[in-house]
Amino acid sequence: VINRIAAGEVVVRPANALKELIENSLDAKSQRINVTVKAGGLKMLRIEDDGHGIRAEDLPILCERFTTSKLQKYEDLLSIGTFG
């Protein structure tokens, strides 16, 4: 799969990071999302939610390059139901 796609985000402004983090919260089925920003997000950008978080079995791959728990094979791209 990683040879066919290269997922990644470039953070140009704090608003880009905020968008990505909110999408992560929504993917985690959050019902409540709190955002705290200082200096327009340049000093601090904190997102707190009540989502379900990362599955314990996915922790070992957390920081691997081009890693996702959503895709096992290329055809899985046809059935993705999340933002990121």
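Below, each value reflects all heavy atoms present in this structure, side chains not excepted, and no hydrogens, waters or symmetry copies.
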Could you check Leu18 against Ile47 for side-chain contact (heavy atoms from CB on, under 4.5 Å), going step by step and ending with a plain yes or no?
CA-CA 8 Å; Leu18 178 62; Ile47 288 76; 3.8 Å; yes
Is there a side-chain contact (heavy atoms from CB on, under 4.5 Å) between Met44 and Val37 once you walk through the steps?
CA-CA 6 Å; Met44 181 178 74; Val37 176; over 6 Å; no
Rounded to the nearest 0.5 angstrom, the OG1-CD distance for Thr36 and Glu48 is 5.5 Å
Taken to the nearest 0.5 Å, the spacing of Lys38 NZ from Lys43 NZ works out to 10.5 Å
Ile22 and Asn24: CA distance, side-chain angles, deciding distance, side-chain contact (heavy atoms from CB on, under 4.5 Å) verdict
CA-CA 5 Å; Ile22 289 174; Asn24 289 347; over 6 Å; no
Between Ile33 and Leu26, does the side-chain contact (heavy atoms from CB on, under 4.5 Å) criterion hold? Intermediate values first, please.
CA-CA 9 Å; Ile33 302 171; Leu26 293 171; 4.0 Å; yes
To the closest 0.5 Å, what do you measure between OG (Ser25) and CZ (Arg32)?
10.0 Å
